[in-house]
Amino acid sequence: MSGVALHWFRKGIRLHDNVPLTKAIESCSTLIPIFILDTDFLDPKKVSANRLGFLLDSLKCLDEDLQERGSRLIVAKGKPSEVIFSLIEEFKINKLTFERGTEPFNKDLDDELIGIVNANDIEVYSNWGHILFNPDHILALNNGKTPVTMNVFLKLASSAPTPLKPIPAPEKIPPPPADFKPKNVEIFISTPTLSDLKEYGYDPEAMTTWFKAGEKEGIKIMEDFLKQKQRVASFEKPKTKPTALLPDTTALSPYLSVGSLSVRLFYHKLLEVLKSFKRHSKPPVSLEGQLYWRELTYLIGYSTPNFHQMRENPLCYQIPWTEGEAAQEALKKWEMGQTGYPAVDAAMNQLRSDGWMHHLARHLVACFLTRGDLWISWELGRDVFDKYLIDADWSINNFSWHWMSCSAFFYQFFRCYGPVSFFKKTDPNGDYIRKHVPILAKYPVKYIYEPWEAPKNVQEAAGCIIGQDYPRPIVEHKTVSQANMGKLKKAYDKNKADRAKPAKVNAEKLEKPLAKSKLR
DNA sequence: TTAATGTTGCCTTC
DNA sequence: GAAGGCAACATTAA
């Protein structure tokens with residue numbers, strides 16, 4: 001054991017169930033554990049202080065956990081591929097380990113790394129540690145076709161190999177070289193905080209999320225939740241409350257997203273709990289089902305070209321969303337919680353302050369921005385979510401915006417969320433609004449969801465005049481949502497017609513070659 | 001080809 | 001609180 005190993009942390013910011021890291025340790029006396037802060041990522045316009053801060057805190061925890069085992073985390077800054085290749089060369093790396101990514105930007109880099117590194121006679125180990133199932137395996141089971149519904153996915157998953165059992169964290173980890181100072185790679189002296197990134201425009205005060213980062217925290221939240229066995233066994237996602245003042249779901253998404261909690265650990269611990277119940281809730285609504293949804297989105301993101309956009313995306317309906325200045329203005333109001341619909345604004349305010357909101361709150365605001373009310377492209381809403389959510393996840397986020405905008409996977413556009421009605425069901429008193437839109441806190445129950453309906457004297461008594469202290473509704477929901485359904489119907493018809501034409505031509509052209517290549 | 005199905009709508013009626 | 005109408009989508013199973 002004399003080699004130098006490089007373990008690259010991307011997601012998978014943890015020591016438990018980290019197979020590549022464990023493989024790296026097996027065969028080296030020196031291990032460089034590195035995280036690379038991509039300079040493209042350091043932009044408050046694209047990545048909020050909450051999201052970046054949560055990531056940095058996760059790294060800090062990782063560093064502490066590494067130090068407990070005789071190592072420490074090295075955080076570099078730059079373009080990931082350049083940093084990796086530079087380190088490989090300078091430190092004569094024998095072994096490179098990392099967790100594979102399904103997203104297009106990761107996929108390309110993975111292929112590049114595996115190819116070039118193998119050519120240089122360096123041992124490479126990577127795995128699919130961020131997900132339960134090997135996506136290539138699932139796709140093969142479906143003859144290479146991307147599954148687009150949960151039932152199809154469940155069938156495929158049931159005939160795929162059982163997800164691997166998690167492995168424990170290593171007890172000892174070989175240290176990086178003493179005085180580790182690469183020549184061509186910029187590294188931080190210690191794990192950076194937001195204060196160290198002021199030059200990029202970050203303000204440490206802007207980090208307001210109450211979520212605590214780290215592997216220990218993620219595992220603790222998981223264990224506390226799984227202890228409530230009855231709750232686990234009867235969990236049904238659609239029945240949880242978006243307006244709860246404390247999360248009514250597991251709220252494990254931030255930890256799963258950066259990988260400080262292993263999805264396989266959660267999966268197997270969950271199944272253990274379910275085993276002790278004769279009857280329990282089932283996918284797609286159960287807790288187990290939530291993990292399968294996550295898998296499905298990763299699989300779709302992995303196998304669908306241009307999944308991050310409407311155009312050139314084979315799964316996505318082409319819908320003529322509003323563009324231009326008016327759309328930008330409305331988008332900004334939506335982002336900043338200024339639509340004049342208290343429920344929507346409360347959710348958006350929670351998104352910006354906490355970096356998290358309940359899944360159904362995401363539905364309400366996403367529907368409102370796209371097909372429901374504002375008729376603005378899901379891509380723009382997706383970007384706003386990606387900026388603020390501490391659980392931001394490329395696959396899940398893109399999938400959900402397809403779904404909510406009726407661009408793919410879900411098409412029942414006549415089922416539309418009401419910005420007044422939807423939250424009333426779980427929060428008739430409007431406590432969620434009172435918390436997240438404090439200027440409305442004194443409104444009587446009768447008007448809390450529709451403050452513009454309140455008589456002037458009621459507005460004055462509540463200390464908030466509509467149109468002055470809080471905006472009037474940006475649109476009239478009833479009217480625009482009706483009109484939008486008509487527009488969607490038209491767009492659907494046009495898409496069907498457009499799809500029918502080229503498909504016919506292709507079928508004729510491809511008939512022979514297809515038959516020939518059946519064995520592929 | 002038709003029938004059943006689809007994680008999470010809203011409103012009115014009983 | 002449950003049920004049915006609303007005006008009706010696409011995908012999958014049969």
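Labels below follow one simple rule: chain letters A, B, ... track the order of the sequence lines, proteins then strands, and each chain is numbered from 1. Predicted, not measured: the structure shown is a model, and the values here were computed from it.
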Task: For atom CD of A/Q482 and atom C1' of B/dC11, their distance in whole Å - done: 12 Å
Task: Nucleotide-level pairing of DNA chain C, given in dot-bracket where Watson-Crick and G-U pairs need both distances under 3.5 Å and | marks other strands - done: ||||||..||||||
Open item on the list: Taking C/dG1 as the reference, what is the distance to B/dT7 when you measure between their P atoms (whole Å, please)?
Closed with: 26 Å
Task: Contact pattern, 5' to 3', of nucleotides 3-14 of chain C - B, S or - by protein heavy atom under 4.0 Å - done: -----BBSSSS-
Open item on the list: If we count only N and O atoms by modelled type, under 3.5 Å, do the side chains of A/R100 and A/N127 hold a donor and an acceptor together?
Closed with: no
Open item on the list: Filter on salt bridge (charged side-chain N to carboxylate O under 4.0 Å, His left out), then keep only pairs touching residues 272-293 of chain A, sequence neighbours left out; what's left?
Closed with: none
Task: Ion pair A/D431/A/K435, N-O distance below 4.0 Å - done: no
Open item on the list: Evaluate A/K490 against A/D493 for salt bridge (Lys or Arg N to Asp or Glu O under 4.0 Å), listing each step before the verdict.
Closed with: CA-CA 5 Å; A/K490 248 178 110 178; A/D493 289 344; over 6 Å; no
Task: Proximity of A/H280 and A/F235 rings by center, below 6.0 Å - done: no
Task: Atom-to-atom span, CE of A/M404 to P of B/dG6 - whole angstrom - done: 18 Å
Task: Whole-Å distance separating the CH2 atom of A/W403 from the C1' atom of B/dT8 - done: 9 Å
Open item on the list: Among residues 346-361 of chain A, which ones have heavy-atom contacts with DNA chain B below 4.0 Å?
Closed with: A/H359, A/L360
- [ ] Using whole Å, report how far CE of A/M485 lies from P of B/dC11.
- [x] 10 Å
Open item on the list: Using the ring centroid of each side chain, check whether A/Y302 and A/W128 are separated by less than 6.0 Å.
Closed with: yes
Open item on the list: Could you check whether A/D393 and A/Y298, counting side-chain N and O atoms only, form a donor-acceptor pair closer than 3.5 Å?
Closed with: yes
Task: Salt bridge present between A/K107 and A/D111 (N-O < 4.0 angstrom) - done: no
TODO: Check A/W378, A/F385, A/F410 against A/W401 for a ring-ring contact (aromatic ring centres under 6.0 Å, His included) and give me the one that passes.
DONE: A/F385
TODO: Look at A/E103 together with A/K11 and state whether they make a salt bridge at an N to O cut-off of under 4.0 Å.
DONE: yes
Task: Inter-nucleotide P distance (B/dA4, C/dA7), Å rounded - done: 23 Å
Open item on the list: Under the ring-ring contact (aromatic ring centres under 6.0 Å, His included) test against A/F368, which residue among A/Y417, A/Y341, A/F422 passes?
Closed with: A/Y341
- [ ] For B/dT5 and C/dG4, measure between their P atoms and round to the nearest Å.
- [x] 16 Å
TODO: Round to the nearest Å and state the distance from A/F368 atom CZ to B/dT8 atom C1'.
DONE: 20 Å
Task: Ring centres under 6.0 angstrom apart (A/F409, A/F399) - done: yes
TODO: Answer yes when A/D386 and A/R382 have at least one side-chain N-carboxylate O distance shorter than 4.0 Å, and no when they do not.
DONE: no
Task: Interatomic distance where CG belongs to A/L154 and C1' belongs to B/dG6 [whole Å] - done: 13 Å
Task: Ion pair A/K332/A/E329, N-O distance below 4.0 Å - done: no
Task: Any side-chain donor near an acceptor of the partner, A/H436 and A/D345, under 3.5 Å - done: no
Task: C/dA8 and B/dG6, which share atom name P, separated by this distance in whole Å - done: 23 Å
Open item on the list: Looking at A/K269 and A/E223, is there a salt bridge between them, counting it only when a charged N and a carboxylate O are closer than 4.0 Å?
Closed with: no
- [ ] Give me the residues of residues 417-436 of chain A where at least one heavy atom lies under 4.0 Å from an atom of DNA chain B, by number, or none.
- [x] A/Y417, A/G418, A/S421, A/F422, A/K425
TODO: Using heavy atoms and a sub-4.0 Å distance, could you list which residues of residues 282-298 of chain A are near DNA chain B? By number, please.
DONE: A/P284, A/V285, A/Q290, A/W293
